[in-house]
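Taking it in order: structure first as structure tokens, then the write-up.
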Amino acid sequence: VARRLSLRKHPECHSMAGGKAIEHLAQTGNRQRHTFRLPMQQYRNCDFSFSGLQNLVNKAIIQKEKEEGIQEGEILSCVKDIAAAVQHAVAVHIIQRTYRAMLFCIKNSILSSKNATLVVSGGVASNQYIQKGLQTLADANDFAFLCPPPRLCTDNGVMIAWNGIERLRAGLGVLHSTDGIRYEPK
């Protein structure tokens, strides 16, 4: 969405990564000026998908460009409102799906309800709007909430590697031999 909105050209966002730019602009935008249907509402599972939302946002941007008489790549006058609406839709989608996962884990005794913890990490965890929503979700369901500081929430590859190191140290779920295992890289 940040790329499609050409936020690198926006004077307030030229040096920011896309997610950070969306969050920055959303702070002063009005999310109610645009409403984006939440993805996957017909599916009662815990999966996430943002492709449908991305298509809706792209259509809205194209429509606004036509209304404002501007070309793709120029900054829309309503860019802050679109950023706020997109950020809100993403947050609600993540919160709803996470809540389903929490309920599933409790119902199936995967987590103990007395010391359950919601851990939020990755780039999404550095978004304060989403983080606050997930904190509220955890609090409302008596889950502890853990979220590393934003400086540690940037690269999923680093977090996956760190998890691997911790699992190796603990001897958990680590294959000591790959004999007989077939894998195909994508």
Side-chain angles (χ1 to χ4, degrees), residues 1-41 46-102 117-141 143-159:
V1 172
R3 192 176 313 118
R4 182 59 184 86
L5 288 171
S6 302
L7 296 187
R8 289 252 185 232
K9 294 179 181 178
H10 194 284
E12 295 176 33
C13 305
H14 67 277
S15 63
M16 294 179 187
K20 186 70 180 165
I22 293 286
E23 180 180 14
H24 173 76
L25 294 175
Q27 290 173 349
T28 53
N30 181 347
R31 68 178 172 85
Q32 295 174 330
R33 289 208 177 117
H34 300 276
T35 304
F36 297 112
R37 191 176 68 246
L38 295 176
M40 302 178 67
Q41 290 298 292
C46 303
D47 296 344
F48 296 96
S49 176
F50 298 96
S51 58
L53 178 60
Q54 184 176 350
N55 288 335
L56 291 173
V57 173
N58 283 339
K59 287 178 184 176
I61 292 169
I62 290 167
Q63 180 63 37
K64 286 294 175 187
E65 286 170 343
K66 285 179 184 175
E67 288 174 15
E68 293 186 15
I70 65 171
Q71 298 293 314
E72 181 176 332
E74 295 179 52
I75 305 296
L76 290 167
S77 65
C78 60
V79 70
K80 292 180 179 186
D81 299 335
I82 291 174
V86 168
Q87 177 178 256
H88 181 72
V90 167
V92 171
H93 182 56
I94 290 171
I95 291 163
Q96 283 182 350
R97 298 299 166 147
T98 302
Y99 182 53
R100 282 194 183 134
M102 292 163 67
T117 303
L118 176 61
V119 178
V120 179
S121 63
V124 72
S126 59
N127 181 294
Q128 296 300 301
Y129 187 83
I130 295 171
Q131 189 184 103
K132 285 176 186 170
L134 290 168
Q135 172 80 63
T136 301
L137 175 67
D139 292 346
N141 290 279
F143 272 58
F145 183 78
L146 295 177
C147 185
R151 65 184 174 81
L152 299 177
C153 294
T154 56
D155 188 323
N156 286 335
V158 171
M159 288 180 286

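In terms of modelled atom types and a separation under 3.5 Å, the side chain of R8 and the main chain of M16 share a donor-acceptor contact. Looking at N30, its side chain never comes within 3.5 Å of a backbone N or O of D81 through a donor-acceptor pair. With hydrogens and angles disregarded, no donor-acceptor distance shorter than 3.5 Å links the side chain of E68 to the backbone of L76. Here the side chain of H93 pairs no donor or acceptor atom with the backbone of F48 at under 3.5 angstrom. No donor-acceptor pair under 3.5 Å is formed between the side chain of E65 and the backbone N or O of I70. A distance-only check finds a donor-acceptor pair linking the side chain of K9 to the backbone of G73 [under 3.5 Å].
The CZ atom of F145 sits 11.0 Å away from the OG1 atom of T117 when rounded to the nearest 0.5 Å. Separating the CG atom in L7 from the CD1 atom in I82 is a distance of 10.0 Å, to the nearest 0.5 Å. Of the inter-residue distances, the one linking K132 atom NZ with Q135 atom CD reads 10.5 Å to the nearest 0.5 angstrom. The structure places CD1 of I61 at 8.5 Å from SG of C78, a figure rounded to the nearest 0.5 Å.
Counting heavy-atom neighbours within 6.0 Å of Q41 CD, excluding the residue itself, gives a total above 12. Within a 6.0 Å sphere centred on OH of Y99, other residues, nucleotides and ligands contribute 12 heavy atoms or fewer.
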Could you go step by step and tell me if Q128 and E23 meet the side-chain contact (heavy atoms from CB on, under 4.5 Å) rule? CA-CA 8 Å; Q128 296 300 301; E23 180 180 14; 3.3 Å; yes
Candidate pair I22 and L5, rule side-chain contact (heavy atoms from CB on, under 4.5 Å), full reasoning: CA-CA 10 Å; I22 293 286; L5 288 171; 4.3 Å; yes
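Across A125 and C147, no two heavy atoms sit closer than the pair CB-SG, 3.7 Å. The minimum heavy-atom distance linking C13 with H24 is given by the pair SG-CD2, 4.1 Å. Scanning all heavy atoms of the two residues, the minimum distance from G18 to A2 falls at CA-CB, 3.4 Å.
Counting only N and O atoms by type, the side chains of N127 and Q131 include no donor and acceptor under 3.5 Å apart.
The side-chain heavy atoms of R4 and I62, taken from C-beta on, include a pair separated by under 4.5 Å. In this structure, the side chains of L134 and I95 come closer than 4.5 Å at one or more pairs of heavy atoms.
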